[in-house]
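The basis for the numbers below is simple: all heavy atoms, side chains too, and nothing from hydrogens, waters or symmetry mates.
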Amino acid sequence: MRSLIAMLLLLQLLLVPVVYGQQNGWVPYTPEEGSLKLRVRPGYHSLHVYVTFIFRHGGFKVGLEGVNVTNGTVEVYLKVLEYTGPAIQVITRKTYSIEVSPLEPGEYLVVLYINGKRIAEAQGAVYGWPGELKGWRIYSNGVITVAVPKEPKPIYLWWYNGDNSTTYLAFYHGLAEVWLWGKGFNHSLMFSDEEGYSGQILERLQGRISVMLVEENLTRINMMLGKVLRMLLVNPLSVENETRRLVEELKTLLLDAEGLPEDIREDLEKLVEVLERILDVLEEMKGVCSCSWDAYLDELRGYVENATSLRRAVEDAISWARSAYQRLVQLIVKSNRMLHPFTLLFLASKWAFEGPYNITDEEGNVVGVMFSFKLVEAPPGFDFAEGAIEIRNRLYFTAQSNMSVAELKNDIVIEQWEWNHERFRKALGDLASMVPEGNPVLALTASFLALDRRPKEAARIVEGDMQVLKALGMGGRFAVRCGTRVHKAGDMFEGRMDRYKISISSEEELIAGFFRFVPEATVTYPNGTAVKVDVKAFYLLLNRHLKISLLYPYFDAGALEHDPSLGIEGVEEGDAVRLEAAPTHETYTMPAPTTTHTTIATTEAGAEVAPALGGEEQAFAGASERGLSPAVLTGYDRIILIAVITAIILTGLMVVTKKRY
């Protein structure tokens with residue numbers, strides 16, 4: 001009976017919101033002190049306004065009522081409502097962004113109104129599209145600006161819109177084929193196209209050519225054999241161990257010496273048989289008095305004579321190995337004529353610029369801009385690369401799932417690469433087996449610098465002598481960071497990137513330029529098969545010059561695609577920086593709308609905000625942080641809840657009745 005009364009009381013409590021829920025509703029909300037933050041980011045012909053709320057529960061919704069621009073003042077009107085009924089009791093932090101464009105360049109006062117009441121204000125600046133970066137194409141998304149030469153080259157200048165006193169520079173040197181014979185990568189292993197390749201190849205192959213090793217082993221075996229044959233008739237048991245080693249080394253040599261003439265191989269095999277018979281005789285002599293060795297010595301004398309006559313096979317094998325090595329060296333020298341240069345220099349190539357193109361989402365909204373560099377004319381020897389190498393670039397206006405809004409993505413596409421390693425093996429012909437298989441990799445090398453210069457001055461340096469950049473790179477206040485390793489300007493350091501990101505930052509600030517890469521690339525073969533391959537990276541810090549090499553493993557005739565990126569970190573969540581006078585650069589950008597355009601969106605994943613609120617019938621704008629929604633019950637929800645509770649009570653009554661009876 002007590003259980004029944006408890007359930008009825010529970011039902012009464014749960015039904016109270018259902019009966020009286022219609023009295024609950026949305027009411028205007030004025031943020032409490034300390035629960036709102038207004039930030040303004042500058043942009044080219046635009047302002048980006050960020051409003052952060054700290055709500056005490058999940059029952060709030062925000063909408064944009066309008067934006068008014070008059071006499072250097074931007075008035076932003078928001079409608080914020082609080083639900084007076086049941087709601088999830090979770091403190092929620094939400095940030096909303098409002099983009100206002102197009103605007104004339106200059107200083108603006110941004111005033112925030114909530115429900116018609118003036119709440120906060122902040123100052124911001126608008127950049128114009130000026131005319132001092134002639135010869136450069138410029139793209140901006142309001143957070144960072146990227147400039148590339150109008151005469152197409154894979155050279156990038158970029159800077160933070162909030163502080164352009166530091167300009168970051170990256171340019172791709174090119175692609176270099178590197179052969180790794182049993183060693184890890186370092187930049188000293190890259191071939192120099194200014195020197196003869198044969199000398200560099202032979203230097204790297206030192207101690208690795210099998211025929212050289214065969215000659216060395218044969219020379220040592222010949223010396224051991226002479227000593228054994230002399231001592232067998234003087235003190236036989238004293239050379240038993242050397243004879244045994246001699247047999248083992250000859251057997252190993254016969255397995256390893258590819259290309260050895262058949263007649264020499266047969267004589268060496270006979271020599272092994274004779275030495276094994278000598279070992280049998282020596283084994284029989286153990287434990288026998290030396291006074292009774294005459295018969296054994298006569299038998300050994302016959303074997304020694306046979307071994308001596310077969311010794312010429314060892315000497316013939318030495319002569320063969322020397323001759324084969326000389327022929328191999330000649331072929332390596334001749335291979336120079338068959339090899340193309342090892343490094344394809346991008347800055348010595350001619351590129352075509354394609355774009356810009358809009359990047360749109362599934363609904364057709366423009367979310368970014370894309371442009372590309374395509375190699376159309378390469379230096380001599382690289383005809384196969386023309387039209388087969390492309391660098392596609394993507395700059396988004398809003399953050400994406402795999403990249404920030406302060407980041408430019410580079411998609412590297414390499415097709416139809418003709419490997420020098422294959423040409424080299426072909427040039428060696430039947431002697432190729434004497435040279436160990438190398439591990440060819442393709443290194444994409446780039447330079448990355450931070451310049452204590454504004455964009456205009458940095459552009460002039462780039463347009464002048466590129467070598468000057470190595471001396472004008474990082475100032476003393478900059479540091480290079482790769483994972484837990486930190487290097488200051490002036491250091492000399494080479495190492496593998498143990499993280500997939502490297503940055504140049506000021507020692508006093510969090511803002512930094514960065515270069516990062518995905519640790520795998522996609523290779524697609526002519527039959528349509530696509531595979532993932534690992535990508536490694538190494539960096540070399542030369543005083544003020546940071547050099548980065550991405551290593552792509554051998555991919556035969558496939559087409560490789562990889563997407564490193566460059567950008568700025570430390571600007572996504574920080575307060576807006578008050579800007580100095582707007583720069584004056586000639587700029588290329590996507591066409592601006594002809595009327596004032598305003599948008600509002602939350603920065604939280606999965607959240608949506610209605611552009612305007614017209615009353616309680618308006619859909620709730622902005623799910624609470626991390627996917628939580630306010631617990632506001634609709635009439636349909638209440639009917640379902642009553643049905644569920646009734647079922648629970650009836651089940652409880654049945655259990656109570658069953659226990660009683």
Using modelled atom types and a 3.5 Å cut-off, is there a donor and acceptor pairing between side-chain atoms of D193 and backbone atoms of F342?
yes
May I ask you to check whether F346 and F373 place their ring centers less than 6.0 Å from one another?
no
Would you compute the distance between atom CG of L395 and atom CD1 of I144 and round it to the nearest 0.5 angstrom?
5.5 Å
Hey, is the main chain of A378 close enough, under 3.5 Å, to the side chain of E386 for a donor-acceptor pair?
yes
Short question: side chain of E215, backbone of V211 - any donor-acceptor pair under 3.5 Å?
no
Is S323 reaching over with its side chain to a backbone N or O of S319, donor-acceptor style, under 3.5 angstrom?
no
For L550 and A537, which heavy atoms make the closest approach, and how far apart are they?
CD2-CB, 3.6 Å
For the residue pair R311 / N222, report whether a side-chain donor-acceptor contact shorter than 3.5 Å exists.
yes
After noting the C-alpha distance and the side-chain angles of H340 and F382, does the key distance pass the ring-ring contact (aromatic ring centres under 6.0 Å, His included) rule?
CA-CA 7 Å; H340 60 71; F382 288 104; 5.0 Å; yes
Between K501 and E569, is a salt bridge (Lys or Arg N to Asp or Glu O under 4.0 Å) present by the stated rule, with each step listed?
CA-CA 11 Å; K501 185 177 183 180; E569 62 186 4; 2.7 Å; yes
Counting the benzene-type ring for Trp, do H487 and Y539 have ring centres under 6.0 Å apart?
yes
Given 3.5 Å as the limit, does a donor-acceptor pair link the side chain of K153 with the main chain of S349, or not?
yes
Should we say atom CE of M338 is surrounded by more than 12 heavy atoms from elsewhere, each under 6.0 Å from it?
yes
Spatial distance of atom CG (L344) from atom CD1 (I389) [nearest 0.5 Å]
5.0 Å
Does the pair K547/E494 count as a salt bridge with the N-to-O cut at 4.0 Å?
no
Under the criterion side-chain hydrogen bond (donor to acceptor under 3.5 Å, both in side chains), I'd like the reasoning laid out for S372 against E390: C-alpha separation, chi angles, the key distance, then a yes or no.
CA-CA 7 Å; S372 66; E390 186 175 6; 3.2 Å; yes
Given the options R454, R453, R460, E457 meets salt bridge (charged side-chain N to carboxylate O under 4.0 Å, His left out) only with R453
Pair D556, Y525: side-chain N/O donor-acceptor within cut-off below 3.5 Å
no
Is the NZ or CZ atom of R137 positioned over F353's six-membered ring, under 6.0 angstrom from the centre and within 45° of the axis?
yes
Nearest atoms (heavy-atom pairs only) where N141 meets Y396
ND2-O, 2.7 Å
Measure the spacing between CD1 of I548 and SG of C482 and express it to the nearest 0.5 Å.
8.5 Å
Does E437 come within less than 4.0 Å of R425, counting only side-chain N to carboxylate O?
yes
Taking the six-membered ring where the residue is Trp, are the ring centres of W179 and F185 under 6.0 Å apart?
no
Say whether, by atom type as modelled, one donor and one acceptor occur between the side chain of W181 and the main chain of P436 under 3.5 angstrom.
yes
So for atom CD, which belongs to E151, do other residues, nucleotides or ligands contribute more than 12 heavy atoms lying within a distance under 6.0 Å?
no
Look up atom NZ in K409 and atom CG in D563, then write down how far apart they are to the nearest 0.5 Å.
4.5 Å
Distance-minimising heavy-atom pair for S192 and Y197
O-CE2, 3.7 Å
Search all heavy atoms of I359 against all heavy atoms of R394 and return the closest pair with its distance.
CD1-CG, 3.9 Å
To the nearest 0.5 Å, how far apart are CZ in R245 and CG in N241?
6.5 Å
Salt bridge check, R516 against E407: does any charged N sit closer than 4.0 Å to a carboxylate O?
yes
Regarding S140 and N161, is there a side-chain donor-to-acceptor distance under 3.5 Å anywhere?
yes
Heavy-atom side-chain contact between T524 and T529 under 4.5 Å:
no
Test: R244 and E242 ion pair at under 4.0 Å
no
Taking the six-membered ring for Trp, are the ring centroids of W159 and Y168 within less than 6.0 Å of each other?
no
Quick one: side chains of residues 260-276, donor-acceptor pairs under 3.5 Å with protein atoms, not counting sequence neighbours, listed by atom name and distance.
| residue | atom | partner | partner atom | Å |
| --- | --- | --- | --- | --- |
| R265 | NH1 | L254 | O | 2.7 |
| R265 | NH2 | A257 | O | 2.8 |
| E276 | OE2 | K251 | NZ | 2.9 |

From L540 CG over to S447 OG, what is the distance, rounded to the nearest 0.5 angstrom?
9.5 Å
Taking the six-membered ring for Trp, is the centroid-to-centroid distance between H187 and F538 below 6.0 Å?
no
Can you check side-chain hydrogen bond (donor to acceptor under 3.5 Å, both in side chains) on N358 and T360, steps first, answer last?
CA-CA 6 Å; N358 287 340; T360 57; over 6 Å; no
If you compare all heavy atoms of L328 against all heavy atoms of L428, which two are closest, and at what distance to 0.1 Å?
CD1-CD2, 4.0 Å
For the pair H562 and Y552, evaluate side-chain hydrogen bond (donor to acceptor under 3.5 Å, both in side chains) and give the outcome as yes or no after the intermediate values.
CA-CA 9 Å; H562 187 230; Y552 303 130; 2.9 Å; yes
Centres of the F515 and F517 rings: under 6.0 Å?
no
Provide the closest heavy-atom pair for F424 versus L339 in the form atom of the first, atom of the second, distance.
N-CD2, 3.9 Å
Answer with yes or no whether the side chains of R220 and N217 bring together a donor and an acceptor at under 3.5 Å.
yes
Listed by chain and number, what are the side-chain hydrogen bond (donor to acceptor under 3.5 Å, both in side chains) partners of W419, not counting sequence neighbours?
none
